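Quick notes on the structure that follows.
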2 protein chains.
Amino acid sequence: MQKSYCRNELLICEAAKRVFITHGLEGARMQDIADEAGMNKAMLHYYFRSKEKLFHIIFEKELENFFSNMKSILAGDASIQEKILRIIEEEMDSMLSNPRLPMFIFNELSRDPDHFLLKIHNSGAGETFNSFSRAIRQAGESGQIKPVHPEHLFLDMMSLIVYPFISRPVINAVLKINNQEFGEFIQERKRYISALILESLTREAYHHEQ
Amino acid sequence: MQKSYCRNELLICEAAKRVFITHGLEGARMQDIADEAGMNKAMLHYYFRSKEKLFHIIFEKELENFFSNMKSILAGDASIQEKILRIIEEEMDSMLSNPRLPMFIFNELSRDPDHFLLKIHNSGAGETFNSFSRAIRQAGESGQIKPVHPEHLFLDMMSLIVYPFISRPVINAVLKINNQEFGEFIQERKRYISALILESLTREAYHHEQ
DNA sequence: TTGTGGTTTAACCAGATGGTTTAATTTTCT
DNA sequence: AGAAAATTAAACCATCTGGTTAAACCACAA
């Protein structure tokens, strides 16, 4: 599937990624991609045939990347707590290096969700969730953490990890920070999220004061 | 600013909203908006002059709606716990009635964030956050909740409330549910989020077993 | 040097796009 | 009823868009 690309193909893919991430499939222009790659437009067709084909190659790769990191962390031998910490740490660092990626993926997925169903399946999202689910169930049964619904915990973690990158312009405006300060805020945020999640999973139920 | 619109202006705005929410500014076509409104394209220009002007009217209104609900809840007399519960409940219900809205807003904001800075300011997002901040600080000082950083709590809540709607296609695919079942999942999710947030704010520190 | 295959380029194409112009039609006012 | 104002519609416009075509160019082998 991912064959070895020649130099020009790589140049085109890199340029296309930048343009598609900013403008999406509908908004991207082949002439802009050509300009970005330093070639003429006919070259894009020579190597990739159509805008749609080029887009899907980029999109599938980025979709897979989005879900693959967590899976490798889950496959390790560490404790469940350590795995959760590593997921939060590494996923957020990954997003800091390409803050536009989540928006790109979710926006394109939402335009025609049925058409992308196979792509989501192929991306490994389901397998990643299943791995997560098994790990959380085992840890609950063996008493390492409080038994919880994996779907909800998964969604807690993804929500807390990804959303700041989706809403970055609003966060920057509301907190009156720039993009570098956003990065520093995210480092702080990692610690906060880690504590929130791990405390919610600690085994004894808390006694309310009411 | 929001003058009284005649019948045709309302028809055009409703149609434009549907098309812009699906395709965004760059992807939307004036002919599609005209078809959706049951008019010819020249009528759009007659009433709204340009695609860009029409877009900004819609966008500003939706942006303001997105942030205004929380503010009115915060202005009430209820306890901070009750307010948090109501924010989660009502914001998620609002999003269930228009699940595409968050994606639309954040995607357009991320395309050219600097240009939208004034729009974010005018939307009341900053005021909403300030209200939230004051309420959380007061509740912390008066001992109703554990003292926390408002920025992080605000982001926790927004993350947990909004993200499921951003990632709905992935959630549906991974959990193997359809959009109606997604709605049911969200009802369950409300309870889960409410518990997570309120427990994290409860006053006594939990004693770890380590 | 010539022929071949592969790559690169400029010109071209049909249709789409946002917007304008002008005439026809409808509504409102006197 | 007639005139003026407002609205609606069709035709038009310049430019953009994804994609195609054919020629020019390049590298390599015989």
Side-chain angles (χ1 to χ4, degrees), chain A residues 2-62 104 107-109 111-112 115-116 119, chain B residues 2-62 104 107-109 111-112 115-116 119:
Chain A
Q2 178 86 314
K3 293 160 298 190
S4 180
Y5 280 160
C6 72
R7 178 180 175 272
N8 282 343
E9 282 165 328
L10 289 173
L11 276 182
I12 294 171
C13 284
E14 287 304 316
K17 177 180 165 184
R18 289 192 292 274
V19 175
F20 281 134
I21 281 187
T22 305
H23 297 283
L25 173 60
E26 280 192 306
R29 296 293 167 253
M30 292 295 262
Q31 188 57 58
D32 292 340
I33 294 170
D35 293 341
E36 185 84 21
M39 302 180 194
N40 67 52
K41 182 161 61 86
M43 297 273 290
L44 307 187
H45 294 280
Y46 179 76
Y47 283 103
F48 292 98
R49 298 296 170 273
S50 73
K51 182 180 177 183
E52 193 98 15
K53 283 187 163 77
L54 179 57
F55 174 80
H56 284 292
I57 288 166
I58 308 289
F59 187 73
E60 285 171 8
K61 185 184 163 198
E62 295 306 321
F104 167 62
N107 189 49
E108 295 302 324
L109 284 177
R111 276 192 319 112
D112 189 1
H115 182 236
F116 283 111
K119 279 195 168 41
Chain B
Q2 176 87 313
K3 293 161 298 190
S4 181
Y5 281 161
C6 71
R7 179 179 173 271
N8 281 342
E9 283 165 328
L10 289 173
L11 276 181
I12 293 172
C13 283
E14 287 303 316
K17 178 180 163 185
R18 288 194 293 273
V19 176
F20 282 135
I21 279 186
T22 304
H23 297 283
L25 172 59
E26 280 190 308
R29 298 293 166 253
M30 291 295 261
Q31 188 57 57
D32 291 341
I33 295 171
D35 292 341
E36 184 84 21
M39 302 181 193
N40 67 53
K41 181 160 61 83
M43 297 274 286
L44 307 187
H45 294 279
Y46 179 78
Y47 283 102
F48 292 98
R49 298 298 171 276
S50 73
K51 180 179 175 182
E52 193 98 19
K53 284 188 164 76
L54 179 57
F55 173 80
H56 283 291
I57 287 166
I58 308 291
F59 186 73
E60 285 171 6
K61 185 182 160 198
E62 296 306 321
F104 167 62
N107 188 49
E108 295 302 323
L109 284 177
R111 278 193 319 114
D112 188 3
H115 182 237
F116 283 110
K119 279 192 170 40

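All figures in this text were calculated on a predicted structure; none of them were measured in a lab.
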TODO: Please step through side-chain contact (heavy atoms from CB on, under 4.5 Å) for the pair B:Y47 and B:L54, ending with a clear verdict.
DONE: CA-CA 9 Å; B:Y47 283 102; B:L54 179 57; over 6 Å; no
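With sequence neighbours excluded, the residues satisfying salt bridge (charged side-chain N to carboxylate O under 4.0 Å, His left out) with A:K119 are A:E60. Evaluation of the ring-ring contact (aromatic ring centres under 6.0 Å, His included) rule for B:F59 yields B:F55, B:F104, B:F116 as partners, not counting sequence neighbours.
Axis deviation across the helix from C:dT1-D:dA30 to C:dT30-D:dA1 amounts to 10°, comparing end segments of five pairs, rounded to 10 degrees.
When side chains are defined from C-beta on, A:R29 does not count as touching A:V19, because their heavy atoms never get closer than 4.5 Å.
Contacts between residues 33-51 of chain B and DNA chain D, defined by a heavy-atom separation below 4.0 Å, involve B:N40, B:A42, B:M43, B:Y46, B:Y47, listed by number. Residues of residues 11-32 of chain A having a heavy atom closer than 4.0 Å to DNA chain D, listed by number: A:A28, A:R29, A:M30.
By the 4.0 Å N-to-carboxylate-O rule, A:R111 lies close enough to A:E108 to be salt-bridged with it.
Atom CZ of residue B:R18 and atom CG of residue B:D32 lie 12.5 Å apart, to the nearest 0.5 angstrom. In this structure, the separation between OG1 on B:T22 and NZ on B:K17 is 11.5 Å, given to the nearest 0.5 Å. Separation of atoms CG (B:L44) and CD (B:E9) is listed at 11.5 Å; rounding is to 0.5 Å. Note: B:N40 CG to B:Y46 OH = 12.5 Å, rounded to the nearest 0.5 Å. Note that CE of B:M39 and CD1 of B:I33 are 11.5 Å apart. Values are rounded to the nearest 0.5 Å.
Side chain of B:N8 to backbone of B:L11: no donor-acceptor contact under 3.5 angstrom is found.
Summarising the geometry of A:K51 relative to A:E26, their closest heavy-atom pair is NZ-O, 4.0 Å, with the distance given to 0.1 Å.
From the 5' end on, the contacts that DNA chain D makes with chain B at under 4.0 Å to a non-hydrogen atom open and close at D:dA6 to D:dA10.
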